[in-house]
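Notes for the one structure printed next.
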There are 2 protein chains.
Amino acid sequence: MTFLDATNRLCAFSMIADLAELPHDLREALNKICQLRHLRQGQVIAHPGEPHDLVGFVAEGILRMQKTLPDGRQHVVGLLVPGDVYGRVFDGAMQFSIEAATEAKVFVFPRHAFEALLSASPALDRLMLLHFLTEIDRTRDWMVILSNPKVRGRLAGFLMMLCTRFRNIEGMLGSMNGMLTVSIPISRADLAHLLGARAESISRAFHALADDGMIDIIRPDLVVLRSIEDLADEAGEPEMGEAILTEDLPSHRIGSLRRL
Amino acid sequence: MTFLDATNRLCAFSMIADLAELPHDLREALNKICQLRHLRQGQVIAHPGEPHDLVGFVAEGILRMQKTLPDGRQHVVGLLVPGDVYGRVFDGAMQFSIEAATEAKVFVFPRHAFEALLSASPALDRLMLLHFLTEIDRTRDWMVILSNPKVRGRLAGFLMMLCTRFRNIEGMLGSMNGMLTVSIPISRADLAHLLGARAESISRAFHALADDGMIDIIRPDLVVLRSIEDLADEAGEPEMGEAILTEDLPSHRIGSLRRL
DNA sequence: ATCGGACATTGATCTAGCGCAATGAAGAGC
DNA sequence: GCTCTTCATTGCGCTAGATCAATGTCCGAT
């Protein structure tokens, strides 16, 4: 797989979708300096504090960004899904470490070469700027989810976010006789850290939602969403439900969580 | 006060600090298209969903970004302090409404004129890109604070964040015989929404921290931080304390919360 | 000065979620 | 096959925090 293949194949996703619209010669230039890396699960590709000289695009799999607290605990602060970009440009050290949550493939670009292309191409530069704006919105959406006072509500919000982000991502979102199935890319313990709770509480919250008929738990890492409306209601944001249920999503960045 | 005055006077802050280093003619150009607006407390200057055709720089006061939930509740998702930028460029509608938490002054730029300058000036463009990167980091720091399972911990983290962000901002951070005083720019109810708790719990958490000698509550909106280390410990991030206690902060974006 | 409203605090009760411990379930290595 | 390890689940006592209600405090308007 080359980078050009990926941009064409992954054209459903935010960043890479936009990349596909770049002039062909620019994509060729990107193709020349990029390198495909296979990551095994658990592999760490960036450490906080030390300068990371690569910019990466996720092609397959899920990565998680996490902060290592002084006491050694890992604190998940975000997920990267295919189409996402990570790494620093024109800038200092990484704030977080990045670890492959599943087996994954990423395209990496030497930072300086990438920056040179950025400087030379206003179109690419503009794309990165828009991408970062989208990322800010996503992170603020996270804040809204996290500030739900109840664990059930936060979990419901998390599931809704997975829905919007995993839409069209191969293998992450399926449908079982009309119902939406979501694969949960991280463990209960990590989810607990992410949602400000304990693993036991997360487990209980999952089963509480199941008891209320909102979800079915096929496996710990695979759930069926039976009632998006109820989940959105639980999360405190009916509008999220509408957005997900709307089949023909318009281009990203319309409603709160409508961005892919 | 002109925009040029502001960039010189506010040179301690992130975005405007960098602006001050722009070529003089570019700042003149910005000066020409900008307009100073006085905001009274509670004034709303941006509504979610509708396109906002202004880009703004905060010169004085505190603004809060908030999401209006379907049930009418307001959900604070971030604060803007002097030196911060808001608004959209090359892009769709605002995701959140912005409201003046205190009396405030902002410089506003017509969006299209600003975008034209952005396109014409790689330096300004680069500055905005870096600014957004910083903003992403800040929002992720928020996530870490919000995912603290205890209200006390989240409140402590919030106070620490105010410390780092208010550093050098006139009137927001003072010192009383060696102790750091912080002014709390939002009400208990808003703080409760922001931190995923109830106003009563926030009030109790404040007084619990006071009982433990970590803070003194002068007025509901003014507290003295007696022990940064203990607060940082409570927040779960000893490193935050070190960063604040270090008098000569290096340039922004070094440690977790060292960015101003 | 007095009234009214917004906001902060305090008290009392009740429940959600923590914390610890024990028990399953699934995969890796031998 | 087996054991060992890791992860998810379940039970139970206990605390933090939600919830409801009352009181206090400040400020602006009359």
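Keep in mind it's a predicted model, so treat the numbers as computed, not measured. Proteins come first, then strands; the chains are lettered A, B, ... in the order of their sequence lines, and each starts at number 1.
In this structure, A:R64 is not positioned above the aromatic face of A:F96 in the sense of NZ or CZ being under 6.0 Å from the six-membered ring centre and within 45° of the axis.
Protein atom CD1 of B:I184 is 11 Å distant from nucleotide atom P of C:dT9, rounded to whole Å. Taking atom CG of A:L195 as the reference point, atom P of C:dA16 lies 18 Å away to the nearest angstrom. The CZ-C1' distance, from B:R152 to C:dG17, rounds to 18 Å in whole Å. If you measure from atom CD1 of A:I202 to atom C1' of C:dG19, you get 15 Å, rounded to the nearest angstrom. Atom-to-atom, CG of B:D190 to C1' of C:dC7 comes out at 11 Å; the value is rounded to the nearest Å. Atom pair B:R188:CZ and D:dT19:P shows a separation of 19 Å (rounding to whole Å applied). When rounded to the nearest whole Å, the span between CG of A:L155 and P of D:dT9 equals 11 Å. Atoms CZ (A:R154) and P (C:dA16) sit 14 Å apart, rounded to a whole Å.
For B:R40 (side chain) and B:A104 (main-chain N/O), no donor-acceptor pair under 3.5 Å exists by modelled atom type. Judged by distance alone, with hydrogens and angles left aside, the side-chain atoms of B:R154 form a donor-acceptor pair with the main-chain N or O of B:G196 at under 3.5 Å. In terms of modelled atom types and a separation under 3.5 Å, the side chain of A:N148 and the main chain of A:K150 share a donor-acceptor contact.
Out of D:dG11, D:dT9, C:dA8, the shortest distance to the side chain of A:H207 is found at D:dT9. Considering only the side chain of B:E200, D:dA21 comes nearest among D:dG11, C:dA12, D:dA21. In the set D:dT19, D:dT9, D:dT10, D:dT9 carries the atom at the smallest distance from any side-chain atom of A:I217.
Taking the nucleotide of DNA chain D with the nearest heavy atom to each of A:P220 and B:V151, the more 5' of the two is matched to A:P220. Toward the 5' end of DNA chain C, the nearer of the two residues A:K150 and B:S187, judged by each one's closest nucleotide, is B:S187.
When all heavy atoms of A:L146 and B:M143 are compared, the pair lying nearest together is CD1-O, 3.7 Å.
Among the heavy atoms of the strands lying under 4.0 Å from B:A197 are primed sugar atoms or P, OP1, OP2 only; no base atom is included.
At D:dT19, one or more side-chain N or O atoms of B:R198 fall inside 4.0 Å of OP1 or OP2 (strictly under the cut-off).
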